[in-house]
Amino acid sequence: MSSFDEMDAFEGASLSARAMPAASVDYLKDLNPAQREAVDRLDGPVLMLAGAGTGKTKALTARITHLLKTHRVRENEILAVTFTNKAAREMKERVGRMLGRPAEGMPWLGTFHAICVKLLRRHAELVGLKSNFTILDTDDQKRLIKQLASSVDVEVRTSTARWLASIIDNYKNNSWLPDQVPASKELWIDLETGAEFEELDAPKKRKGVMSSIDFYKLYQARLRVLNAVDFGDLLLHMVTIFQTYPDVLEQYQRWFRYILVDEYQDTNVAQYLWLRLLAGGHKNICCVGDDDQSIYGWRGAEVGNILRFEKDFPGAFVVRLEQNYRSTPHILAAASNVIRGNENRLGKELWTDREEGEKVRLIGHWDGEEEARWVGEEIDAMQVGTRGVRPMNLDEIAILVRASHQMRAFEDRFLTIGLPYKVIGGPRFYERMEIRDAMAYFRLVVSPEDDLAFERIVNTPKRGLGDKAQQTIQVVARENGVSLVDGARIAVDNGLIKGKGGKALRELIDGLARWNGMTRGPRIEVDDDSVIDDGVSTIRYGAPEHTHIELAQIILDESGYTAHWQNEKTPEAPGRLENLKELVNQLDNFENLQGFLEHVSLVMDNEQDSDGAKVSIMTLHAAKGLEFPAVFLPGWEDGLFPSQRSMDESGLKGLEEERRLAYVGITRAEEVCTISFAANRRVFGQWQNSMPSRFIDELPEDHVEVLTATGLYGGGQQSASIETRAAEANVYNSPGWKRMQARQGQYGMSQPRESRNTVIDATAIASFTLGERVFHQKFGYGAVIGIEGDKVEVEFEKAGTKKVVSRFLTAKDDVPF
DNA sequence: TAAGGCCCGCTTTTT
DNA sequence: GCGGGCCTTA
């Protein structure tokens with residue numbers, strides 16, 4: 001790796017590639033032949049088919065480094081697009097590491113959306129927007145849709161709003177403007193009931209029945225008035241601009257001399273068009289992807305984009321990265337055999353020169369709870385090393401589920417046995433209610449015309465402003481053609497909202513004006529008076545009296561929002577206050593509130609990962625791109641995985657996507673992969689039994705070891721009951737199950753597992769007394785009713801009686817019962 | 001207007 | 001089994 005000094009010398013030395021010092025080509029040395037090819041072929045269209053764990057990011061970053069180091073191109077002439085901020089961040093870091101200096105100078109390395117925001121701010125006027133447009137998140141989107149419906153005198157339910165939003169998203173993903181939507185995609189919707197009509201029998205004139213295309217038109221018009229865009233618009237507007245203004249397009253075709261795209265299999269039509277337009281001139285485009293890992297079809301991704309690449313770019317150079325550096329041969333063989341079941345593939349065969357390792361392990365359980373219990377025990381055993389597997393750290397272990405409701409069983413179990421875990425991709429920080437509320441206050445202070453934000457917080461905390469008062473504000477605002485804040489002011493001034501609510505509203509409006517004034521210092525030229533905001537930029541202001549961090553705290557305190565959560569007695573309230581504190585802390589990284597809001601609208605993630613090694617629990621979708629030494633894949637039952645709904649809605653296409661999901665899951669594992677299923681599972685409170693997943697049938701026998709759960713076949717009490725045997729007989733009659741039983745014969749009925757040393761945290765000796773009031777993160781408040789070693793039995797006020805490990809409890813003796 | 005009870009409906013999720 | 005939304009009631 002070249003040092004910073006060498007880099008400097010190189011920069012100054014010569015523009016010729018021949019003069020390159022030996023050290024600077026290090027980044028090429030440890031590439032394998034396929035990766036090397038992918039990096040060397042800088043010009044023209046390149047498709048890099050990179051299987052799971054084949055070093056795709058490495059090749060991609062080496063390619064960028066190569067472009068820069070051979071001085072063919074400057075950092076700001078490379079367009080490198082990813083899907084997630086995380087991927088963008090990682091790539092920036094790795095390029096920086098390879099270059100030996102921070103890759104700060106790569107302004108066009110980012111997500112599709114972030115790059116489009118930048119571009120659209122420059123050209124907003126071409127689609128009738130101002131360059132300071134706001135970006136709506138999905139919550140705003142739903143609110144807007146409800147508003148639109150109410151303007152045609154219909155109240156829509158949230159579910160209908162969600163549905164309408166998804167229809168509009170879908171149009172945008174396909175890059176259709178309202179007048180470009182094909183007639184076949186037009187739906188007639190009863191806004192009131194959410195019912196859908198066939199066009200022929202659509203009572204079009206009936207009140208509240210509307211064409212989805214007309215609604216889309218209305219929606220777009222409203223966005224323009226609000227000077228706002230949704231996520232889909234970011235792409236759609238840019239495609240429109242490129243298609244309508246060839247001179248603008250040409251400018252960027254020339255500017256972005258090289259284009260790189262990560263996760264190409266996840267692109268939707270709009271993103272595809274955007275890329276094709278930009279690459280149209282020089283065709284220096286390198287797309288990296290894996291058709292076998294396309295798992296986002298349900299949100300508009302088109303596997304077709306990657307399957308069609310060679311047709312789109314004739315003469316494209318296709319290189320396959322097939323050497324896998326991640327998993328053992330057994331794991332790879334299992335993954336390959338499963339994915340082989342798919343018809344539409346470009347075809348790749350992963351191989352590795354790693355040692356054999358463990359076979360993929362397969363185990364069936366009686367029910368979901370037993371599955372969770374078994375996994376918990378297995379993880380405990382893994383920490384000390386078991387069955388030839390080296391001892392593992394908790395952060396080397398992951399549980400990947402198909403649907404998030406599967407997580408609860410694991411969470412409950414792990415809380416009970418005191419196994420530290422973290423849920424990845426749960427409700428994200430910026431999506432939490434309290435964060436959204438706080439952000440709405442900030443938005444409203446920064447831009448008082450943000451009606452959606454006003455609506456969100458006008459009665460949060462409760463100010464006695466219910467439907468009626470809010471309706472009055474809406475009407476007044478609409479009649480006067482002003483924002484809701486101004487409408488509210490007029491309404492109060494004219495005594496349209498009286499009493500307690502009126503007083504509280506007046507306070508809110510005054511507060512907003514006051515806080516807005518605090519975003520800047522005192523006016524410098526003109527002396528003073530009560531003029532707070534005239535929006536004219538020629539007026540200068542001194543430095544603000546408060547930092548934006550202080551201001552944020554002031555807003556939350558004076559608005560009564562902080563107090564609102566302090567007065568709330570639910571178990572979540574303290575956590576929410578914590579989150580608010582965290583939000584204010586984060587402001588430290590930004591110059592002012594505006595900068596922060598801009599950032600958050602695009603980057604909705606927050607890595608507040610804290611201390612200590614923990615087992616990761618996440619969905620298969622969230623696991624893409626990650627790897628773990630040990631992976632558990634629970635819930636492999638037909639209907640759950642593959643998901644029934646996916647198969648019902650999308651047929652074979654849906655099944656194939658599910659199969660790719662299985663492939664993604666297995667290939668996350670480096671050393672140990674454990675697949676499991678349960679015969680019975682409680683779904684929505686109802687017991688259901690199911691057959692092992694058809695994907696289990698597709699696992700290659702030679703690479704699978706069948707484990708036997710203690711208590712199921714090993715003579716545990718459960719299997720003694722007649723009902724149980726009957727259920728077994730009739731549930732487990734799939735080909736996979738039969739084969740599994742046959743294999744069990746091979747391996748012997750049951751393999752007694754070595755006894756477990758459950759790792760107990762020695763510092764966690766219970767120090768609670770009977771009857772003591774305690775608090776638990778998940779279960780809330782409760783009273784101690786029993787103590788056993790480090791486990792404490794607690795009768796929770798809300799959650800019932802549970803045994804939990806003492807270190808998850810906090811004493812709350814100061815609080816009376 | 002707000003609070004409490006009841007019913008419905010329910011994958012996957014990034015920007 | 002749980003949360004959100006709708007309805008009723010005080």
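In this text the structure is predicted, and so the values were computed from the model without any measurement. Throughout, protein chains are lettered first and strands after them, A, B, ... in sequence-line order, and every chain is numbered starting at 1.
- Remark: the A:Arg402 side chain and the B:dT11 base include no donor-acceptor N/O pair separated by less than 3.5 Å.
- With B:dA2, B:dT13, B:dT15 as the candidates, the nucleotide lying closest to the side chain of A:Lys462 is B:dA2.
- A:Asn268 comes within 4.0 angstrom of nothing in the nucleic acid, heavy atoms only.
- Residue A:Gln141 is classed as having no contact, given no heavy-atom separation below 4.0 Å to the nucleic acid.
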Residues A:Lys172, A:Asp230; criterion side chain to side chain contact (heavy atoms under 4.5 Å, CB included); working and verdict: CA-CA 10 Å; A:Lys172 291 183 177 180; A:Asp230 62 21; 2.7 Å; yes
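- Residue A:Lys118 qualifies as enclosed at atom NZ: its count of foreign heavy atoms under 6.0 Å is above 12.
- Ranking B:dT14, B:dT11, B:dT12 by closeness to the A:Glu649 side chain, first place goes to B:dT11.
- Looking at heavy-atom distances under 4.0 Å, A:Thr111 makes contact with sugar-phosphate atoms alone, never a base.
- For B:dT11, the glycosidic angle deviates from 0 by 90° or less, giving a syn base.
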Where do N or O atoms of nucleotides 5-9 of chain C meet protein N or O atoms at under 3.5 Å, pair by pair?
residue	atom	partner	partner atom	Å
C:dG5	OP1	A:Thr158	OG1	2.8

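- No contact: A:Lys500 has no heavy atom under 4.0 Å from any strand.
- Within the nucleic acid shown, A:Ser404 comes within 4.0 Å of sugar-phosphate atoms alone, with no base atom in reach, counting heavy atoms only.
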